[in-house]
Amino acid sequence: MFLAFIPYLISLYFEKIKEKKVLFYFSIIVFILFLPNAFYLITDFIHLQNHKYYETIYVYTRSLDIWVALIHIALGFILGIIFGTYSLINLEKIVQKKYQQLIIIFICLLSGIGIYIGRFLRFNSWDIIKPITLIKKLITSIDVFSLGFILLISASIYLFYLVFG
């Protein structure tokens, strides 16, 4: 959750620092690197596959830890979507009107790529310090699934932005 909060926190200061060019551009780079963390929480629902929610076909389990896991992941998902979407809304406020949607779509696409890199290639935001390794692994992993996953996640992020923005 902390990593999901970072781009939101940075986005709160865009308006205040946009005149300080070096700080502003540095903040935009950090924002782009950490924004996928907010939406990455979408993919955490896969962790529920190991939980058994039924005792029998019509009877739910009464094991509280399983329900706590469900609520934990659902709350993470909801808060991630909120932080990510409001981060994009704050970014939108500082972008020229005629480029807003194009930039938001591009950022959604970058986030989709970032989520793919994190979930399937197992890199983290700070792995940007190894760009050659990251880029090589990304390029060699491109196939129909990876492109479809990236587009699916990117479109989902854009949809959250449209619905809640």
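All heavy atoms count here, side chains included; hydrogens, waters and symmetry mates do not.
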[X] side chain near [Y] side chain, heavy-atom distance below 4.5 Å:
X: Y161; Y: I104; answer: yes
X: L79; Y: F5; answer: no
X: L91; Y: F14; answer: yes
X: F24; Y: I94; answer: yes
X: N90; Y: L12; answer: yes
X: T133; Y: D127; answer: no
X: L3; Y: S125; answer: no
X: S156; Y: F39; answer: no

Tell me every residue that passes side-chain contact (heavy atoms from CB on, under 4.5 Å) with [X], counting only those two or more places apart in sequence or in another chain.
X: H51; result: L48, Y53, I66, A69
X: F164; result: I81, T85, F160
X: L41; result: M1, A4, D44

Say whether [X] and [Y] are linked into one hydrophobic cluster, either directly or through other cluster members, by side-chain heavy-atom distances under 4.5 angstrom.
X: I132; Y: W126; result: no
X: L152; Y: L121; result: no
X: L162; Y: L110; result: yes
X: L102; Y: I113; result: no
X: L151; Y: V144; result: no

Nearest 0.5 angstrom please: [X] [atom1] to [Y] [atom2], how far?
X: C108; Y: Q101; atom1: SG; atom2: CD; answer: 9.0 Å
X: I117; Y: I150; atom1: CD1; atom2: CD1; answer: 7.5 Å
X: K137; Y: I142; atom1: NZ; atom2: CD1; answer: 13.0 Å
X: K136; Y: S141; atom1: NZ; atom2: OG; answer: 14.5 Å
X: S63; Y: E55; atom1: OG; atom2: CD; answer: 8.0 Å
X: T43; Y: F77; atom1: OG1; atom2: CZ; answer: 10.5 Å

With clusters built from Ile, Leu, Val, Met, Phe, Trp and Tyr whose side-chain heavy atoms come within less than 4.5 Å, directly or transitively, what are the remaining members of the cluster of I135, listed by chain and number?
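I139, listed by chain and number.
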
Shortest non-hydrogen contact from [X] toward [Y]:
X: S111; Y: I157; result: CB-CD1, 3.7 Å
X: F31; Y: S11; result: CE1-CB, 3.9 Å
X: S154; Y: G112; result: OG-CA, 3.5 Å
X: Y13; Y: L9; result: CD1-O, 3.2 Å
X: F83; Y: S87; result: O-OG, 2.6 Å

May I ask you to check whether over 12 heavy atoms, not counting those of F106, lie within 6.0 Å of atom CZ?
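No - once you tally the heavy atoms of other residues, nucleotides and ligands closer than 6.0 Å, there are 12 at most.
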
More than 12 non-hydrogen atoms from neighbouring residues, nucleotides or ligands closer than 6.0 Å to CG on L64, yes or no?
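Open.
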
Excluding sequence neighbours, so at least two apart, what forms ring pair (Phe, Tyr, Trp, His ring centres under 6.0 Å) with Y40?
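Y40 satisfies ring pair (Phe, Tyr, Trp, His ring centres under 6.0 Å) with no residue once adjacent residues are dropped.
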
Please identify each residue that fulfils ring pair (Phe, Tyr, Trp, His ring centres under 6.0 Å) with Y58, with sequence neighbours left out.
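Scan of Y58 (ring pair (Phe, Tyr, Trp, His ring centres under 6.0 Å), adjacent residues dropped) gives none.
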
Using 30° and 60° as the class limits, which term best fits the ring planes of Y60 and Y54: parallel, tilted or perpendicular?
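Ring orientation of Y60 relative to Y54: parallel.
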
